[in-house]
Amino acid sequence: MGKSVRILLVSDLHAIDDPKALRSSVAINYAQMGAPRALFNQCLTTVRERFPEGLDLMVVAGDMTDRAGGIALSKVWGDLHWLAEQLCIPLVATSGNHDYDSRATQSVSPKQSLMGLNPPFPFGTTADRDHYFAQEHAVFVNDELVVVTANSSAFHGYIPKGQKESEHGRFADYLPEYIKTSLDSLDSLAPYKILLTHHHLNQLPSFDTEETSSSRGHEQVLRALADYGDWLIIHGHKHRGWLQYASGYGDAPPLISSSSFSADLGTSSFADKVRHQFHVVELEPSSKAAPGLGGQFGSVYSWTHSPIGWTEAIASDDLPGVSGFGWKANIHQFAASVRIEVSKKLLMDEADLEKFEPRLKYLTFDDRRRLINYLRTGSPKVEVSTHTNGSIREFALTKATV
């Protein structure tokens, strides 16, 4: 495994086609927009400028449309494919709760609009489509990547014992065996392995923590995948970018929660706390791994929509402009070692930091914030300078300490 891969991540577009709807400028309304591809064009330009060498894959983590709008679904699926084609990369998607017509507004079959999409959903051929809906997953494979796209909305529309399945995600008890059969059928497993799904597996912290829409049954899916190596989990649904690790075992995989690309957040309780974003996930090869760095590791780059278009995210956004994942550090112990080193050098710039701890870039942004807080408040106090995208610029002993 000698090559990094880069993956464009888009989720929760919630596109509509309604001439009467009043929506924010970011939201996609095909009935009103004079240039429907404006957000996609801007995204394309941004990605090309940042990564002139190109990307390897595009993934869409569900909720392409809003309340199963069939016309909008078809149009936004076309625009997503247009974006992937412009970047010369394959597209792999998964279905969200809003992509399923669980309210039976257009058909008694919740998945009918998805089944009718062209090109076939979630990728590839009609055989891939049929496998996805019959066995609740499908597997995309190339030389570098294995992507299991799992349908956490498969039971939406059912109401067993009066409980609406549309209120949460679910992986059936039989899904782990289905996935294992699919993986066992492959001639070989590519080095980078991803589970793509819509509903979150772990709750995100700080706010909106009382909702109960996470996926049921995911624990056994993760344990089944673990038999095939290290994985990265990507999901949408929460409209909020976040990085954490799955629970359950020591080498549990990283979880990337994608922000919403263009949902109209309206007056929701957390509308002022989240940002519209897209991301590029970079996975790095094991040959680059520093000692003690295992599993899937790399970086997530994020852009936030502003009045002038997509701009590099700042440190306070959902996901900052750059965050790592893969190094599960003891932050208290690392902060102590930084204090000792800074006390000797007085100042550590980026070159010093890279030499002192090459795994620093693989801290999640939340662990990075915790590290900065510990250094600034402990003793001796260490001042931390950061770039606007959140990455650390330098450590310095405070003047009072000197």
Side-chain angles (χ1 to χ4, degrees), residues 7-18 21-47 57-87 89 91-101 113-114 117-119 121-123 149 151-153 156 196-200 234-241 256-266 268 270-271 274-281 302-306 309-310 313 318-319:
I7 302 160
L8 174 61
L9 169 56
V10 173
S11 186
D12 291 88
L13 298 94
H14 287 267
I16 65 170
D17 190 279
D18 183 355
L22 297 176
R23 313 199 91 196
S24 70
S25 59
V26 181
I28 297 174
N29 186 347
Y30 285 97
Q32 293 181 341
M33 295 172 64
R37 284 184 177 162
L39 288 177
F40 299 104
N41 267 312
Q42 294 166 6
C43 176
L44 173 64
T45 300
T46 301
V47 169
L57 180 70
M58 176 176 173
V59 297
V60 181
D63 276 3
M64 298 177 290
T65 188
D66 195 76
R67 295 178 178 266
I71 295 175
L73 177 63
S74 178
K75 290 180 178 179
V76 76
W77 183 238
D79 278 344
L80 289 166
H81 270 276
W82 173 86
L83 178 56
E85 289 165 2
Q86 295 301 307
L87 292 168
I89 53 177
L91 183 155
V92 179
T94 199
S95 52
N97 51 300
H98 277 267
D99 301 322
Y100 262 66
D101 188 9
S113 294
L114 288 165
L117 288 175
N118 187 34
F121 178 92
F123 66 88
T149 172
N151 187 359
S152 62
S153 302
H156 286 201
L196 174 67
T197 190
H198 180 65
H199 293 83
H200 52 298
I234 295 176
H235 68 80
H237 189 60
K238 291 289 286 185
H239 295 190
R240 179 184 173 197
I256 298 179
S257 173
S258 176
S259 299
S260 164
F261 187 79
S262 55
D264 188 354
L265 300 173
S268 63
F270 55 89
V274 298
R275 300 289 180 267
H276 293 103
Q277 294 186 312
F278 73 86
H279 318 283
V280 170
V281 180
S302 301
W303 289 263
T304 300
H305 196 268
S306 71
W310 296 106
D318 285 5
L319 278 178

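Keep in mind the model is a prediction, meaning the values are calculated, not measured. Positions are given from 1, in the same order as the sequence printed here. The basis for the numbers below is simple: all heavy atoms, side chains too, and nothing from hydrogens, waters or symmetry mates.
- Contact annotation: the side chain of Leu57 never approaches that of Ile89 to less than 4.5 Å [non-hydrogen atoms, C-beta and beyond].
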Problem - Steps toward side-chain hydrogen bond (donor to acceptor under 3.5 Å, both in side chains) verdict (His235, His200) - result: CA-CA 6 Å; His235 68 80; His200 52 298; 5.4 Å; no

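- Here the side chains of Met58 and Val60 are in contact, with some heavy-atom distance below 4.5 Å.
- A heavy-atom distance below 4.5 Å is found between the side chains of His305 and Leu39.
- Put simply, the side chain of Trp77 does not reach to within 4.5 Å of the side chain of Leu114, judged on heavy atoms.
- A 4.5 Å side-chain heavy-atom check between Asp79 and Tyr30 finds at least one atom pair inside the cut-off.
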Handout entry: Chi angles and distances behind the side-chain contact (heavy atoms from CB on, under 4.5 Å) call for Arg275, Ser259
Key = CA-CA 7 Å; Arg275 300 289 180 267; Ser259 299; over 6 Å; no

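- Look at Arg240 and Asp318 and you find no salt bridge, because none of the NZ, NE, NH1 or NH2 atoms lies under 4.0 Å from a carboxylate O.
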Practice task
Applying side-chain hydrogen bond (donor to acceptor under 3.5 Å, both in side chains), run through His276 and Ser260 and close with a yes or a no.
Solution key: CA-CA 5 Å; His276 293 103; Ser260 164; 4.5 Å; no

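- Checking each of Asp99, Asp63, Thr149, Asn151 against Thr94 for a side-chain hydrogen bond (donor to acceptor under 3.5 Å, both in side chains) leaves exactly one that passes, namely Thr149.
- Aromatic pair Phe278/Trp310: centroids less than 6.0 angstrom apart.
- His156 and Asn97 are not linked by any side-chain donor-acceptor pair at a separation below 3.5 angstrom, with hydrogens and angles left out of the test.
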